[in-house]
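A quick write-up on the structure given underneath.
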Number of protein chains: 2
Amino acid sequence: MLGLLSFGEELSGYDLKKWSDWSLRFFYWSPSFSQIYGELKRLEKVGYVSSRMVAQETGNRDKRVYVITDEGMAAVRHWAREAPVEPPVLKHGVMLRLWLGHLLEADRMREVLGRHREYAETMRERAEVDVESARAEEAWAYPALVLKWSERFYASERDLADAMLADLDEMDDLDAKSRP
Amino acid sequence: MLGLLSFGEELSGYDLKKWSDWSLRFFYWSPSFSQIYGELKRLEKVGYVSSRMVAQETGNRDKRVYVITDEGMAAVRHWAREAPVEPPVLKHGVMLRLWLGHLLEADRMREVLGRHREYAETMRERAEVDVESARAEEAWAYPALVLKWSERFYASERDLADAMLADLDEMDDLDAKSRP
DNA sequence: TAGACATATTTCTCTTAGGAACATCCAGAG
DNA sequence: CTCTGGATGTTCCTAAGAGAAATATGTCTA
């Protein structure tokens with residue numbers, strides 16, 4: 001949350017949710033509304049953000065918008081610089097299922113893998129598009145860098161699926177030969 | 001849990017924890033003890049596992065061991081076959097930090113990335129070792145397949161870090177030129 | 001003029017995470 | 001020969017996270 005606010009914009013809880021959904025979707029989860037609104041109150045209490053109410057002309061409901069304070073900036077900066085490097089969290093449901101390959105037919109496995117391949121390619125394409133738009137703005141240099149990483153990451157995820165499909169074929173061949 | 005038990009072994013909660021920590025570490029998170037023991041009771045109540053107490057000769061404390069039932073097998077099998085293909089969950093703290101590149105020095109970024117690169121290479125090596133031992137046993141054919149995937153995955157994670165380091169260098173070069 | 005959709009926030013409930021506590025034994029260090 | 005750390009084995013407690021639903025309010029469209 002502080003990271004998102006560190007770009008300097010004045011954002012509502014709703015904005016933060018949309019922003020994080022949008023910006024982090026390639027490499028990080030996005031907090032739920034309940035987490036965001038709760039956290040904003042906590043952050044304000046400790047002085048890392050400050051807020052004000054905004055009456056909206058355009059007709060929409062009034063909202064509370066938040067900006068990061070100097071203390072908040074110091075806190076995120078400290079985190080970004082000094083936090084220990086932690087391993088990424090991965091929960092790969094597709095691999096979990098294939099790990100249990102004795103429970104499903106080879107064709108079903110291929111289908112699951114194929115669908116995952118499609119997902120990876122779709123994500124790669126989306127990242128590719130985002131790289132272009134992020135490069136247009138100077139302020140997005142680092143996000144653009146990470147988007148480029150994401151594009152490559154999903155390309156690799158797609159290739160990994162292909163490699164595994166090939167491994168599956170090979171397994172079947174060996175099986176067929178040993179049981180003629 | 002049912003997946004782990006579907007290999008047919010009679011396991012205690014403690015065994016399940018060690019097993020899942022060990023087997024899934026490359027591609028899935030492992031449940032906590034509290035989840036495991038709670039879940040085992042729930043699974044027994046719905047008839048997916050059954051348990052018995054075992055008095056241990058070797059001196060260790062008595063334990064309760066669980067086996068999967070036919071209904072349990074049917075349930076995991078159904079899950080493995082029919083569950084929707086869901087996108088993997090990724091929380092890449094390193095990328096989140098680099099996304100906030102405006103908050104830290106270029107050298108600190110390189111350090112974080114370098115450490116992540118090392119982590120990826122270590123994981124790759126571990127996966128490589130595990131592939132060999134899994135291939136020794138016929139029953140581990142599918143786990144071996146996923147371990148092979150893991151080995152490639154971490155190799156790619158390492159290469160992605162290298163590519164990003166190169167991107168960072170390039171960014172610095174351009175920066176230096178535009179501000180002579 | 002209803003219905004879908006977008007903004008904006010709160011509430012509730014369930015799951016997951018993670019550590020601490022408890023219990024028991026073994027092996028190795030001092 | 002005792003102390004301590006580590007492995008086995010299980011339970012309890014608390015906090016964080018996920019996600020749906022409820023509550024407002026207004027716009028645009030079929």
Side-chain angles (χ1 to χ4, degrees), chain A residues 1-5 9-22 24-25 28-46 49 51-67 79 83-84 86-93 96, chain B residues 1-5 9-22 24-25 28-46 49 51-67 79 83-84 86-93 96:
Chain A
M1 312 250 332
L2 289 177
L4 285 165
L5 288 165
E9 310 267 337
E10 200 176 34
L11 301 168
S12 68
Y14 193 79
D15 292 333
L16 277 162
K17 173 65 175 161
K18 277 197 313 174
W19 254 69
S20 63
D21 280 355
W22 177 255
L24 311 181
R25 72 199 151 133
Y28 219 78
W29 106 122
S30 191
S32 61
F33 279 119
S34 40
Q35 283 175 319
I36 287 175
Y37 285 101
E39 203 61 21
L40 281 171
K41 278 170 193 161
R42 268 193 21 181
L43 289 172
E44 184 157 35
K45 203 147 58 178
V46 296
V49 301
S51 74
R52 62 186 185 95
M53 285 300 295
V54 173
Q56 301 204 83
E57 341 68 54
T58 59
N60 271 329
R61 174 182 187 179
D62 290 359
K63 62 179 174 182
R64 181 171 293 275
V65 289
Y66 293 83
V67 276
W79 174 78
E86 262 151 47
V89 173
L90 182 64
K91 297 192 193 182
H92 209 303
L96 186 58
Chain B
M1 312 251 330
L2 288 176
L4 286 165
L5 287 166
E9 309 267 338
E10 200 177 33
L11 301 167
S12 69
Y14 192 78
D15 293 332
L16 277 161
K17 174 63 174 162
K18 276 196 315 172
W19 253 70
S20 63
D21 280 353
W22 178 256
L24 311 181
R25 73 200 150 132
Y28 218 79
W29 105 122
S30 191
S32 61
F33 279 119
S34 40
Q35 282 174 319
I36 286 175
Y37 285 102
E39 203 60 22
L40 281 171
K41 278 170 193 162
R42 267 193 22 180
L43 289 172
E44 184 157 35
K45 203 147 64 179
V46 296
V49 301
S51 74
R52 64 186 183 94
M53 284 301 295
V54 173
Q56 301 203 84
E57 340 71 52
T58 58
N60 270 328
R61 175 180 187 179
D62 290 358
K63 61 181 174 181
R64 182 170 292 276
V65 289
Y66 293 83
V67 276
W79 174 77
E86 262 151 48
V89 173
L90 182 65
K91 296 191 193 181
H92 209 304
L96 185 58

Quiz item: Can you find a heavy atom in the side chain of Leu5(A) that is under 4.5 Å from one in the side chain of Val67(A)?
Solution: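 Result no, sub-4.5 Å side-chain heavy-atom pair not found.
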Quiz item: Is there side-chain contact between Met1(B) and Val49(B), with at least one heavy-atom pair below 4.5 Å?
Solution: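 Not in contact.
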Quiz prompt | Heavy-atom donor-acceptor pair, Gln35(A) side chain to Ser32(A) backbone, under 3.5 Å | solution =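 Yes, Gln35(A) side chain to Ser32(A) backbone: donor-acceptor pair under 3.5 Å.
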Quiz prompt | Test item: Glu44(B) side-chain N/O and Ser51(B) main-chain N/O as donor-acceptor pair under 3.5 Å | solution =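 Such a contact is found between Glu44(B) side chain and Ser51(B) backbone.
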Using atom [atom1] of [X] as one end and atom [atom2] of [N] as the other, report the distance to the nearest whole Å.
X        : N       : atom1 : atom2 : result
Leu11(A) : dA8(C)  : CG    : C1'   : 14 Å
Asp62(A) : dT10(C) : CG    : P     : 13 Å
Lys63(B) : dC22(C) : NZ    : P     : 24 Å
Tyr14(B) : dA7(D)  : OH    : P     : 8 Å
Asp15(A) : dT9(C)  : CG    : P     : 8 Å
Glu44(B) : dT10(D) : CD    : C1'   : 15 Å
Asp21(A) : dT7(C)  : CG    : C1'   : 14 Å
Met53(B) : dT8(D)  : CE    : P     : 17 Å

Practice problem: Report yes if at least one side-chain N or O of Lys18(A) is closer than 4.0 Å to OP1 or OP2 of dT7(C); otherwise report no. | Solution: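 Answer yes for this pair, as a side-chain N or O of Lys18(A) is under 4.0 Å from OP1 or OP2.
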Exercise. Using a 4.0 Å heavy-atom cut-off, write out nucleotides 11-20 of chain C from 5' to 3' as B (base contacted by protein), S (sugar-phosphate only) or - (no contact).
Key: BB--SBBB--
Quiz item: For Lys17(B), which contact category applies under a 4.0 Å heavy-atom criterion: base, sugar-phosphate, or nothing?
Solution: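 Since no nucleic acid heavy atom lies under 4.0 Å of Lys17(B), the category is nothing.
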Practice problem: List in chain and number order the residues that pass ring pair (Phe, Tyr, Trp, His ring centres under 6.0 Å) with Tyr37(B), two or more places apart in sequence or in another chain; answer none if no residue qualifies. | Solution: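 Tyr37(B): no ring pair (Phe, Tyr, Trp, His ring centres under 6.0 Å) contacts found.
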Self-check item: Any residue meeting salt bridge (charged side-chain N to carboxylate O under 4.0 Å, His left out) with Lys17(B), in chain and number order, not counting sequence neighbours
Solution: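 For Lys17(B) the salt bridge (charged side-chain N to carboxylate O under 4.0 Å, His left out) partners, ignoring immediate neighbours, are Asp21(B).
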